[in-house]
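I have placed the structure first, in the form of structure tokens, so that the comments after it can refer back to it.
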Amino acid sequence: MKANSGLKKNRTKIQMVLTALVILSVVRQFFLGNYHNMFLGILTLILFMVPQFLDRKLNVTIPPGLETVILIFIFSAEILGEINAFYVKIPIWDTILHTTNGFLMAAIGFALIDLFNRSDRFSIKMSPYFVAFFAFCFSMTVGVMWEFFEFSMDWFFGMDMQKDWIVPAINSVKLNPTGANVPIHVDVQSLAVNDETWNLGGYLDIGIVDTMKDLIVNFIGAVVFSIIGILYLRNRGKGKLAASLIPQVRSKQEEELSSKNQ
């Protein structure tokens with residue numbers, strides 16, 4: 001209990017610091033006249049309330065450790081990534097966030113299926129492996145849907161959410177002069193665009209490498225959480241790491257007590 005109380009205090013401090021930084025960013029963007037970034041800051045403040053909203057509506061207790069990760073993730077994606085251009089300044093920033101997103105989405109999927117699994121309304125009880133598998137599939141589905149969104153924004157609105165990559169070499173059957181189904185390896189040193197030669201050290205890949213990289217790291221994050229979830233369900237109530245990261249379904253007595261306290 002003392003350890004959990006300490007985590008809650010640390011979470012509250014982190015939330016206060018992050019909220020203050022977001023407010024300062026919103027004010028700064030207002031005076032700079034950048035209203036788009038100001039809107040992103042306001043959106044960040046709204047997203048900060050999502051964990052508490054889920055806690056109340058789903059009767060699920062989001063542990064301090066997981067909530068802290070969620071808050072830092074939102075701040076890193078919107079304030080640091082978008083407004084302060086960390087996506088451009090730090091090449092691995094997008095990779096880090098997509099890995100974290102895979103982890104967080106698996107946690108949400110885990111909480112949803114565990115909510116049904118422990119409900120008195122359902123007679124079927126699922127094994128820890130199935131619950132973890134559902135969490136993994138939920139995370140990967142959200143990851144794929146996000147990539148659909150990125151592609152749609154790039155294709156229809158001329159954005160560049162699927163970042164381009166410089167590919168120094170290609171292997172393609174299209175370049176085989178014999179027409180055989182055998183790939184030919186070609187090193188690419190320069191790129192010609194509208195009769196202008198760009199010495200990029202390769203050709204400009206439009207999105208596919210970024211998409212596959214995002215899905216791979218999402219897969220890694222989902223697998224890591226799924227393993228933690230299996231260990232938690234097999235030893236429910238044990239383990240400090242799992243207790244700080246696994247959303248827990250409240251019992252009827254805990255829910256009634258929570259309602260009285262509110």
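Model, not experiment: these values are computed from the prediction.
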Residues forming a side-chain contact (heavy atoms from CB on, under 4.5 Å) with T211, sequence neighbours excluded: E147, Q162, L215

Within the side chain of W93, is there an N or O that forms a donor-acceptor pair under 3.5 Å with the backbone of S76? yes

Compare all side-chain heavy atoms of N199 with those of Q189 and state whether any distance is below 4.5 angstrom. no

If you look only at pairs with a residue in residues 149-159, which of them pass as a side-chain hydrogen bond (donor to acceptor under 3.5 Å, both in side chains), with sequence neighbours excluded? W146-E150

In T197, L204, I166, the residue satisfying side-chain contact (heavy atoms from CB on, under 4.5 Å) with L191 is L204

Does either side chain, that of H36 or that of N34, offer a donor lying less than 3.5 Å from an acceptor on the other one? no

Same apolar cluster (I L V M F W Y, side chains within < 4.5 Å links), V27/L21: yes

Non-neighbouring partners of F73 that pass side-chain contact (heavy atoms from CB on, under 4.5 Å), sequence neighbours left out: L97, T100, N101, L104

Kindly indicate, with the supporting measurements, whether the criterion side chain to side chain contact (heavy atoms under 4.5 Å, CB included) is fulfilled by D210 and D94. CA-CA 9 Å; D210 178 76; D94 185 60; 3.6 Å; yes

Hphob cluster co-occupancy, V217 + I96, side-chain heavy atoms under 4.5 angstrom: no

According to side chain to side chain donor-acceptor pair (under 3.5 Å), who are the partners of E78, at least two apart in sequence or on a separate chain? none

For F103, which residues count as a ring-ring contact (aromatic ring centres under 6.0 Å, His included) partner, sequence neighbours excluded? F225

Are the ring centres of F134 and F110 closer than 6.0 Å? no

With sequence neighbours left out, write down each residue that passes side chain to side chain donor-acceptor pair (under 3.5 Å) with S139, or none if nothing qualifies. N218

Which atom pair, heavy atoms only, marks the closest approach of A169 to V167? O-CG1, 3.1 Å

Within this structure, what is the OG-CG distance for the pair S25 and N37, rounded to the nearest 0.5 Å? 7.0 Å

